[in-house]
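The structure appears below as structure tokens.
Quick caveat: nothing in here was measured; it's all calculated off a predicted structure. Sequential numbering from 1 along the given sequence is applied to the chain's residues.
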Amino acid sequence: MTAGHALIIGNTDGIGLVLTRRLLALGWTVTGVSRRSPVVEAPGFHGAVADVAAADYRATLEALCAARGPFDACVYCAGIGDALDLDALAGDAEVVRVNLVGAVETIAAVVPG
């Protein structure tokens, strides 16, 4: 795999964090975006704080793409969820906002670059 510049959305834990560390080990430059402060401190890493469910997320990401891009790869690792409870569906709007709408907003901001 040729090293490049990756944008990882949701990289402070889980799959996003593992992927960030792996790509850095392979010589990639990684820009990570998460709603919490970055946990990675390494050469070639730049962390940014943004919440995929925020109203200004796309504008924030577009500004980041203009400043840090273009990117060779973008991986959307942000996600939330619990077991489906048909008696308490109110929280599912937030799940859709993070897991689906956030991914669509990411594509809309990144693909033009």
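- Between C65 and F71 the shortest heavy-atom distance is SG-CE1, 3.8 Å.
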Side-chain atoms of residues 16-23: list all donor-acceptor pairs with protein atoms under 3.5 Å, sequence neighbours left out, distances to 0.1 Å.
residue	atom	partner	partner atom	Å
T20	OG1	N11	ND2	3.4
T20	OG1	G16	O	2.8

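- The two residues A50 and T60 make their nearest non-hydrogen contact at CB-CG2, 4.0 Å.
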Exercise. After noting the C-alpha distance and the side-chain angles of T29 and L24, does the key distance pass the side chain to side chain contact (heavy atoms under 4.5 Å, CB included) rule?
Worked result: CA-CA 6 Å; T29 299; L24 288 167; over 6 Å; no
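- Annotation for T106 and C74: closest pair CG2-SG, 3.8 Å, computed over non-hydrogen atoms.
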For this session: Starting from the C-alpha separation in whole Å, work towards a yes-or-no answer on side chain to side chain contact (heavy atoms under 4.5 Å, CB included) for H46 and L64.
Result: CA-CA 11 Å; H46 173 80; L64 182 67; 4.2 Å; yes
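- Rounded to the nearest 0.5 Å, atoms CG (D51) and CG (D56) are 9.0 Å apart.
- Cluster annotation: I15 and V30 are assigned to distinct hydrophobic clusters (Ile/Leu/Val/Met/Phe/Trp/Tyr, side-chain heavy-atom contacts under 4.5 Å, transitive).
- Nearest heavy-atom pair, G47 versus P38, reported as atom, atom and distance to 0.1 Å: CA-CG, 3.6 Å.
- For the pair D72 (side chain) and H5 (backbone), a donor-acceptor distance under 3.5 Å is present.
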For this session: Report the C-alpha separation of T31 and I8 in whole Å, then their side-chain angles, then the decisive distance to 0.1 Å, and conclude whether the side chain to side chain contact (heavy atoms under 4.5 Å, CB included) test is met.
Result: CA-CA 6 Å; T31 298; I8 309 295; over 6 Å; no
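- Rounding to the nearest 0.5 Å gives a distance of 13.5 Å between CD1 of I9 and CZ of R35.
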For this session: Could you check R36 against D13 for side chain to side chain contact (heavy atoms under 4.5 Å, CB included), going step by step and ending with a plain yes or no?
Result: CA-CA 10 Å; R36 295 187 304 266; D13 59 19; 3.0 Å; yes
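- Residue I107 belongs to a hydrophobic cluster whose other members are V111, with links defined by side-chain heavy atoms closer than 4.5 Å.
- Minimum heavy-atom separation, G10 to C77: O-CB, 3.4 Å.
- Among residues at least two apart or in separate chains, salt bridge (Lys or Arg N to Asp or Glu O under 4.0 Å) pairs with a member in residues 99-113 are R58-E105.
- To the nearest 0.5 angstrom, Y57 atom OH is 14.5 Å from R97 atom CZ.
- W28 approaches A73 most closely through the heavy-atom pair CZ3-CB, 4.1 Å.
- Clustering ILVMFWY residues whenever any of their side-chain heavy atoms sit less than 4.5 angstrom apart, transitively, puts F45 in the very cluster that holds V39.
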